[in-house]
Amino acid sequence: MELQEDCTENLRFHISIDCVLLGFNENRMYVLLEKVPGFSDGNAIYKLPGRLLNENENPAGAARCIADNALRNRQVALEQLYTYRADETLCREWSETYITRSVRPTVSIVYTGILKLPARTGASVRSKSMKWHPVAEIPGCLLPGHEAIIHKALKAFRKQVEDNPLQIIEYLPLKFTVYQFRRLCEIFYDKALDVRNFQKKINALPYIEPLDEWEEGVSHRAARYYRFDKPEYNRYRFRLSKN
């Protein structure tokens, strides 16, 4: 919710835009946080990328601007998560600490998006003040309310995956092993999954098709490849909707 200098003359509404940008690679799930300027490393305070909404600016456009300015060579689809009224304590601390005029953002509109990250996560951000933090290790020194926003975004995303598995399957390669699928689910849910139970669930899904292909050149037992059958997935979803 940092106020940019070139925006100070255009403020009208007490509305802030906050973006929960989630990212993942082969190892972990991350959230993008920005270090608030004016604090030493030992007393660093972090926040979600965001700012106040300018006059004649629509919220979706502002969220897109925030995401594009934060990410380097990365596009992310954004959707509005929810709108909430910030408590008076948060507004007072924010306005007294981070801006020089008495403007209180009474309403925050939260947007969220997820993207795949490279192994070196730092290569995907534009500013040195921004960093991808593992969701399991979120700093305790966040602006008031931001940790709750992050957890709400994670909960909403995981619920979407449960309702529509395509949102996680689309990040798999065209042909994949059960291990690759399970590992991706473990990253998204931030917990270990039982190997045998996961295999049983995969076998029960009509849209996950086993191939007559196996891994090659591996030191362990070669795993079978599978593929995602989208037409069968659509038929499966249609049958569920009729029940």
Side-chain angles (χ1 to χ4, degrees), residues 1 16-34 46-50 59-72 74-84 86 107-119 121 124-125 130-140 142-143 145-173 176 180-194 197-198 201-202 205 207-208 228 230 233-234 236-237 240-241:
M1 296 188 298
S16 70
I17 306 297
D18 295 310
C19 291
V20 184
L21 300 177
L22 301 171
F24 71 96
N25 57 22
E26 295 180 355
N27 299 308
R28 312 184 83 168
M29 177 79 81
Y30 299 85
V31 61
L32 186 63
L33 297 176
E34 181 177 4
Y46 297 89
K47 71 181 188 71
L48 293 166
R64 169 54 53 198
C65 181
I66 291 166
D68 290 346
N69 287 337
L71 301 172
R72 183 195 301 275
R74 290 288 188 281
Q75 288 292 323
V76 58
L78 298 172
E79 63 178 56
Q80 185 175 327
L81 179 62
Y82 73 120
T83 301
Y84 76 101
V107 174
S108 179
I109 304 176
V110 179
Y111 285 80
T112 186
I114 187 167
L115 65 155
K116 192 170 184 177
L117 299 175
T121 58
S124 62
V125 296
M130 293 192 181
K131 181 181 177 182
W132 291 101
H133 292 257
V135 296
E137 302 171 8
I138 297 174
L142 285 173
L143 283 189
H146 282 209
E147 184 174 0
I149 294 174
I150 294 169
H151 288 303
K152 190 176 183 71
L154 285 168
K155 183 178 180 180
F157 172 72
R158 289 164 179 162
K159 179 65 167 59
Q160 288 177 355
V161 170
E162 291 177 4
D163 294 340
N164 183 9
L166 182 59
Q167 295 196 46
I168 189 172
I169 292 173
E170 65 183 2
Y171 291 110
L172 289 167
F176 52 87
Q180 288 176 304
F181 196 175
R182 177 172 58 82
R183 183 66 189 125
L184 185 60
C185 290
E186 288 178 334
I187 291 171
F188 275 40
Y189 286 97
D190 192 30
K191 66 179 181 180
L193 300 175
D194 183 82
N197 286 341
F198 191 83
K201 290 180 179 179
I202 292 299
L205 295 175
Y207 51 84
I208 302 297
F228 171 60
K230 190 169 185 178
Y233 175 80
N234 291 335
Y236 175 78
R237 296 281 294 178
L240 287 181
S241 68

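Just the heavy atoms: all of them, side chains too, but no hydrogens, waters or symmetry mates, feed the values below.
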Looking at every non-hydrogen atom in both residues, tell me the closest pair between [X] and [Y] and how far apart they are.
| X | Y | result |
| --- | --- | --- |
| A70 | M130 | CB-SD, 3.5 Å |
| L78 | A63 | CD1-O, 3.5 Å |
| L71 | W132 | CD2-CZ2, 3.7 Å |
| A60 | Y111 | N-OH, 3.2 Å |
| K116 | Y171 | NZ-O, 3.9 Å |
| I187 | N25 | CD1-O, 3.3 Å |

Heavy atoms of other groups near E162 CD, more than 12 under 6.0 Å: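 Atom CD in E162 is crowded, with more than 12 foreign heavy atoms closer than 6.0 Å.
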When V31, V135, I114 are each screened for side chain to side chain contact (heavy atoms under 4.5 Å, CB included) with L154, the one that passes is V135
Distance in Å, [X] [atom1] paired with [Y] [atom2], rounded so as to fall on 0.5 Å steps:
| X | Y | atom1 | atom2 | answer |
| --- | --- | --- | --- | --- |
| H151 | E147 | NE2 | CD | 4.0 Å |
| I66 | L32 | CD1 | CG | 11.5 Å |
| Y30 | K131 | OH | NZ | 10.0 Å |
| L33 | L142 | CG | CG | 5.5 Å |
| I109 | C19 | CD1 | SG | 11.0 Å |
| D190 | R158 | CG | CZ | 5.5 Å |

- [ ] Let me see the working for Y233 and N164 under side chain to side chain contact (heavy atoms under 4.5 Å, CB included), right down to the final yes or no.
- [x] CA-CA 10 Å; Y233 175 80; N164 183 9; 2.3 Å; yes
Exercise. With respect to D163, which candidate in Q167, Q160, K159 satisfies the side-chain hydrogen bond (donor to acceptor under 3.5 Å, both in side chains) definition?
Worked result: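 Among the candidates, only K159 passes.
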Between [Y] and [X], is there a side-chain heavy-atom distance shorter than 4.5 Å?
| X | Y | value |
| --- | --- | --- |
| Y46 | I138 | no |
| Q80 | P59 | no |
| F176 | L184 | no |

Open item on the list: Closer than 3.5 angstrom, by distance alone: can the side chain of H146 be matched with the main-chain N or O of L48 as a donor-acceptor pair?
Closed with: yes
### Query
So F228 and L172, side chain to side chain contact (heavy atoms under 4.5 Å, CB included) or not? Walk me through it.
CA-CA 9 Å; F228 171 60; L172 289 167; over 6 Å; no
message = Applying side chain to side chain contact (heavy atoms under 4.5 Å, CB included) to N69 and R64, what does each step give before you reach the verdict?
response = CA-CA 9 Å; N69 287 337; R64 169 54 53 198; over 6 Å; no
Just to verify, what does Y207 make a side-chain hydrogen bond (donor to acceptor under 3.5 Å, both in side chains) with, not counting sequence neighbours?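 Testing Y207 for side-chain hydrogen bond (donor to acceptor under 3.5 Å, both in side chains), a comparison that skips the adjacent residues, returns none.
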Working for side chain to side chain contact (heavy atoms under 4.5 Å, CB included), residues V20 and F157:
CA-CA 11 Å; V20 184; F157 172 72; over 6 Å; no
_Taking R183 first and then E186, would you say they form a salt bridge - that is, a charged N and a carboxylate O separated by under 4.0 Å?_
yes
